[in-house]
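So that the names make sense, note that chain A is the first sequence line, chain B the second, and so on, each numbered from 1.
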Number of protein chains: 4
Amino acid sequence: MPRAERERQMMAAAVRTFGRRGYRAASMDEIAELAGVSKPLVYLYLNSKEELFTACVRQEAAALLAAVEAGVDPGQPADRQLWSGLTAFFSHTAEHPDGWVVLNRQARTQGEPFAGEVAGLRDELVALVAGLIAAAAREARAACPASAGSGPADLAGRELPGQDLTGLAQALVGAAESLAGWANETPGVSPEEAAATLMNFAWTGLGNLLDGERWPPPSAR
Amino acid sequence: MPRAERERQMMAAAVRTFGRRGYRAASMDEIAELAGVSKPLVYLYLNSKEELFTACVRQEAAALLAAVEAGVDPGQPADRQLWSGLTAFFSHTAEHPDGWVVLNRQARTQGEPFAGEVAGLRDELVALVAGLIAAAAREARAACPASAGSGPADLAGRELPGQDLTGLAQALVGAAESLAGWANETPGVSPEEAAATLMNFAWTGLGNLLDGERWPPPSAR
Amino acid sequence: MPRAERERQMMAAAVRTFGRRGYRAASMDEIAELAGVSKPLVYLYLNSKEELFTACVRQEAAALLAAVEAGVDPGQPADRQLWSGLTAFFSHTAEHPDGWVVLNRQARTQGEPFAGEVAGLRDELVALVAGLIAAAAREARAACPASAGSGPADLAGRELPGQDLTGLAQALVGAAESLAGWANETPGVSPEEAAATLMNFAWTGLGNLLDGERWPPPSAR
Amino acid sequence: MPRAERERQMMAAAVRTFGRRGYRAASMDEIAELAGVSKPLVYLYLNSKEELFTACVRQEAAALLAAVEAGVDPGQPADRQLWSGLTAFFSHTAEHPDGWVVLNRQARTQGEPFAGEVAGLRDELVALVAGLIAAAAREARAACPASAGSGPADLAGRELPGQDLTGLAQALVGAAESLAGWANETPGVSPEEAAATLMNFAWTGLGNLLDGERWPPPSAR
DNA sequence: AATGAATGAGTATTCATTCAT
DNA sequence: AATGAATGAATACTCATTCAT
């Protein structure tokens with residue numbers, strides 16, 4: 001069997017095992033057995049438990065990021081982009097539960113040497129979301145050119161300082177992570193519904209929500 | 001030294017060690033040394049690593065929940081309650097970083113026998129938040145009695161089915177968890193600011209936010 | 001509570017625990033708890049686990065030996081003495097099952113430092129039985145004074161060299177030990193019946209033996 | 001080195017160590033060192049201390065039983081079979097002293113989880129002996145066909161109720177166990193002599209028993 | 001390309017025993 | 001006369017990792 005395929009098998013077994021047991025509790029024996037190969041072969045190909053786990057994290061992070069980025073169509077308005085990105089996010093995590101658990105839970109116990117690896121992914125997601133929020137701000141400004149010149153007060157309303165922007169993005173990403181976990185274990189919640197819930201929550205605001213507003217707003221439907 | 005005090009020492013050492021290393025990677029040797037006692041004493045008082053960890057989780061969960069509940073004044077309107085609850089949450093997690101890490105990260109690796117323990121805490125938080133959102137909905141209806149009879153569309157706008165309610169609460173709790181982590185490692189973000197960011201995000205809605213709205217709304221100031 | 005009574009309590013708890021668990025598996029904690037005292041008190045009175053066990057063995061051995069000796073009436077013929085001694089043996093072991101288990105099983109794992117202690121008891125039992133067999137031989141000779149002078153062949157038949165004597169006694173003691181275990185766990189076997197079974201088995205054999213019969217019988221040679 | 005051979009080495013070391021120290025006092029470290037391997041290898045091949053001990057007991061029990069059964073020639077009369085079986089028993093125990101100690105002493109501390117294992121062996125030996133005694137009874141009846149019709153008293157004399165039979169077999173097995181211990185530590189007692197001692201002791205007694213004699217003899221009643 | 005055989009280093013847990021009071 | 005508090009030393013068991021083939 002060619003090396004590349006064997007490696008895929010091993011990675012799949014590793015993701016599954018790490019997802020189910022956690023980094024420390026997973027044993028190389030179990031991974032090798034699940035992959036259907038001998039332990040020395042795992043070491044020959046992937047060097048060590050730590051490297052193997054790091055490779056799993058990197059692979060799953062790249063796949064998730066790619067899925068989200070593929071879901072975002074830069075030609076669309078920012079809220080649409082966010083909505084489709086979230087849908088892609090919820091779809092991907094639902095379809096790769098082990099990988100998602102590895103990323104979201106198992107890789108985040110601090111003190112382990114791969115802590116930075118997954119923090120990197122999260123930072124990329126936060127940056128992506130922050131970018132979308134910033135884009136939305138620009139669009140809002142562009143949509144009301146009149147107000148652009150109406151005064152500094154208005155403008156201030158549309159400017160978000162960097163720290164606020166990051167905080168908002170952190171909140172949105174956290175909300176998405178939480179909803180992903182909840183949606184994956186609650187039957188009958190589709191990725192689209194989860195995305196809509198989050199858009200309602202974040203975009204529209206709870207206050208407006210209670211006034212009957214929903215996302216997408218009627219004008220955009 | 002009296003037993004109760006020794007136990008407190010041990011629990012503190014355990015929370016610190018579990019927070020820094022994770023459940024599996026923490027060793028009873030390290031905990032005992034940090035507590036300044038011999039290992040057998042830890043076993044004499046707390047029976048086993050698993051029981052010790054469960055005790056830590058329970059203690060930290062109870063403390064966090066108590067802090068949040070103490071921060072919520074039922075005499076206030078729902079948005080005020082939510083804001084003060086969030087402030088208490090961010091304060092508590094900032095003051096007990098090890099306990100927060102134990103709860104939020106280390107206790108959530110699935111497959112371990114205490115998985116349910118921390119899930120319980122999270123469910124309580126979600127329920128608490130869901131209760132506040134439902135209360136807000138009631139208040140909104142009460143505030144516009146006229147609209148109550150004005151038609152089904154309006155009413156529908158103020159009714160939240162249970163699943164939506166839970167989803168929103170999950171999103172809010174996830175956002176808070178995420179912000180707590182970010183605020184704790186970003187210098188200069190106070191609990192109040194974190195709470196305001198989240199209220200802006202959730203209560204007002206990003207859309208309104210970009211239109212210059214802020215929480216608390218001018219009328220409430 | 002006076003020291004002597006406390007010591008009796010402890011010894012009783014120890015015999016019970018050692019009997020149920022064995023020397024190594026019994027813990028001083030369990031013994032102290034069963035005796036209703038604190039562990040340091042056990043050490044204060046009985047010094048160490050090994051000394052405690054040795055004391056148990058000595059106590060039970062002395063009690064068993066005393067019971068057997070009390071059952072043997074030197075004024076009776078040897079077979080009667082043997083029968084009543086066996087009855088006393090089976091009665092005592094039935095009434096003190098824990099003590100018997102300690103003597104017969106738990107104290108006989110070699111390598112432990114008290115190995116000699118229980119070997120001593122057994123040697124005394126074997127010597128007692130050997131004495132009875134020798135007495136029986138003397139009685140047999142005395143009962144047939146005529147044959148005493150009839151020739152060396154006859155005499156040889158009634159003389160048992162020391163090694164044979166010891167071997168026979170060992171066999172009889174082993175048979176008794178085995179029957180004691182069997183009788184204690186087989187309902188409906190009384191000490192008298194056990195003694196009768198053994199006498200049936202052994203005595204008629206011994207009798208013939210003393211009359212010069214040997215196996216294989218002459219006809220089969 | 002091939003696995004099977006290593007396993008044999010380990011079993012031998014284990015039998016020796018368990019025989020010398022007892023189950024609880026034997027340490028896996030000592031066994032591994034005596035076998036000349038590292039401890040993990042012992043665990044890899046034999047799983048746990050308990051399984052290792054059970055395997056030792058099973059192996060030694062099977063070997064002893066096989067030796068005894070090989071010594072019994074069903075074509076021979078019952079007394080010959082018993083004698084040769086006993087000779088095989090004493091030979092085997094003399095040649096495998098560690099195994100015999102494991103079976104006869106170390107495996108019989110009650111409360112340990114393998115208690116049943118060795119009880120099984122003993123029950124098989126008792127059943128085998130009981131079978132031989134029953135066979136002897138049949139042979140005795142067959143040898144005196146005339147007496148078969150001569151009256152109920154005679155017949156009764158040759159019938160042994162099941163419980164008596166078991167009791168006799170227990171006594172004989174116990175006597176053999178005791179003699180084995182004695183013979184093994186008394187220089188100059190050959191297996192044949194031990195077997196002869198026991199046959200002298202037991203067989204002539206059994207013979208009379210089968211002829212209807214009982215203790216106490218009628219004259220003494 | 002692949003593996004059977006093997007281990008050094010560590011981990012949770014237990015227990016006989018002592019000290020200060 | 002009695003105990004609550006405490007520990008040094010040991011033990012069963014596991015695991016990531018390597019070597020010889």
Side-chain angles (χ1 to χ4, degrees), chain A residues 1-3 5-7 23-32 36-53, chain B residues 1-7 23-32 35-53, chain C residues 1-3 5-7 23-32 36-53, chain D residues 1-7 23-32 35-53:
Chain A
M1 182 173 302
R3 170 162 184 155
E5 192 171 341
R6 272 271 193 254
E7 264 187 41
Y23 174 65
R24 301 294 284 223
S27 87
M28 296 297 272
D29 270 292
E30 188 177 359
I31 293 171
V37 299
S38 70
K39 238 185 325 176
L41 200 59
V42 181
Y43 278 88
L44 189 61
Y45 284 3
L46 291 147
N47 299 321
S48 75
K49 190 183 187 182
E50 193 180 316
E51 276 189 45
L52 174 54
F53 188 75
Chain B
M1 183 171 303
R3 173 166 182 154
E5 191 174 341
R6 271 274 193 253
E7 263 186 43
Y23 174 65
R24 303 293 284 226
S27 90
M28 295 299 269
D29 271 298
E30 187 178 359
I31 292 171
V37 298
S38 70
K39 224 181 346 167
L41 202 60
V42 181
Y43 278 90
L44 189 61
Y45 285 1
L46 292 147
N47 299 321
S48 74
K49 190 182 186 182
E50 191 180 318
E51 271 190 49
L52 174 54
F53 188 74
Chain C
M1 183 173 302
R3 172 163 183 156
E5 192 172 341
R6 271 271 193 253
E7 265 189 41
Y23 173 64
R24 301 294 286 222
S27 86
M28 295 297 272
D29 271 294
E30 188 177 359
I31 293 171
V37 298
S38 70
K39 239 187 322 178
L41 200 59
V42 181
Y43 278 88
L44 188 62
Y45 284 3
L46 292 146
N47 299 321
S48 76
K49 189 182 188 183
E50 193 181 316
E51 275 189 47
L52 174 55
F53 187 75
Chain D
M1 182 171 304
R3 172 166 182 155
E5 192 173 339
R6 271 274 192 254
E7 264 187 40
Y23 174 65
R24 301 292 285 224
S27 90
M28 295 298 270
D29 271 297
E30 186 177 359
I31 292 171
V37 298
S38 70
K39 220 178 355 165
L41 202 60
V42 181
Y43 279 90
L44 189 62
Y45 285 1
L46 292 147
N47 300 321
S48 74
K49 190 182 186 183
E50 191 180 319
E51 270 191 50
L52 174 54
F53 188 73

Is the phosphate of [N], meaning OP1 or OP2, less than 4.0 Å from a side-chain N or O of [X]?
X	N	answer
D/R24	F/dA12	no
A/Y45	E/dA2	yes
C/R6	F/dA2	yes

Between F/dT17, E/dT18, F/dG8, which nucleotide has the shortest distance from any of its atoms to the side chain of B/P40? F/dG8

Between E/dT17, F/dT17, E/dA16, which nucleotide has the shortest distance from any of its atoms to the side chain of C/S27? E/dA16

Let me check I have this right: for DNA chain F, each base becomes ., (, ), [, ] or |, based on Watson-Crick or G-U pairs with both distances under 3.5 Å. What is the full string? .||||||||||||||||||||

Just do the side chain to side chain contact (heavy atoms under 4.5 Å, CB included) check on B/N47 and B/L52 with the steps written out, would you? CA-CA 7 Å; B/N47 299 321; B/L52 174 54; over 6 Å; no

Could you state the [atom1]-[atom2] distance from [X] to [N], rounded to the nearest angstrom?
X	N	atom1	atom2	value
D/I31	F/dT11	CD1	P	12 Å
D/M28	E/dG10	CE	C1'	17 Å
A/L46	E/dA2	CG	P	13 Å
B/M1	F/dT7	CE	P	10 Å
C/E50	E/dT17	CD	C1'	14 Å
A/F53	F/dA16	CZ	P	13 Å
B/Y43	F/dA10	OH	P	18 Å
B/K49	F/dT14	NZ	P	15 Å

Walking DNA chain F from its 5' end, the first of A/Y23 and B/S38 to be reached, judged by nearest nucleotide, is B/S38

I want to confirm an ordering. Mapping D/D29 and C/V37 to their closest nucleotides on DNA chain F, which one lands closer to the 5' end? C/V37

If you go through the side-chain atoms of B/K39, does one of them form a donor-acceptor pair with the base of E/dT13 closer than 3.5 Å? yes

Using a heavy-atom cut-off of 4.0 Å across all strands, would you classify [X] as base, sugar-phosphate, or nothing?
X	result
C/A25	nothing
C/R3	nothing
C/A32	nothing

So, is the end of the B/K49 side chain (NZ or CZ) under 6.0 Å from the ring centre of B/Y43 and within 45° of the ring's axis? no

A/R3 charged N/C atom sitting above A/Y45 aromatic ring, 6.0 Å / 45°: yes

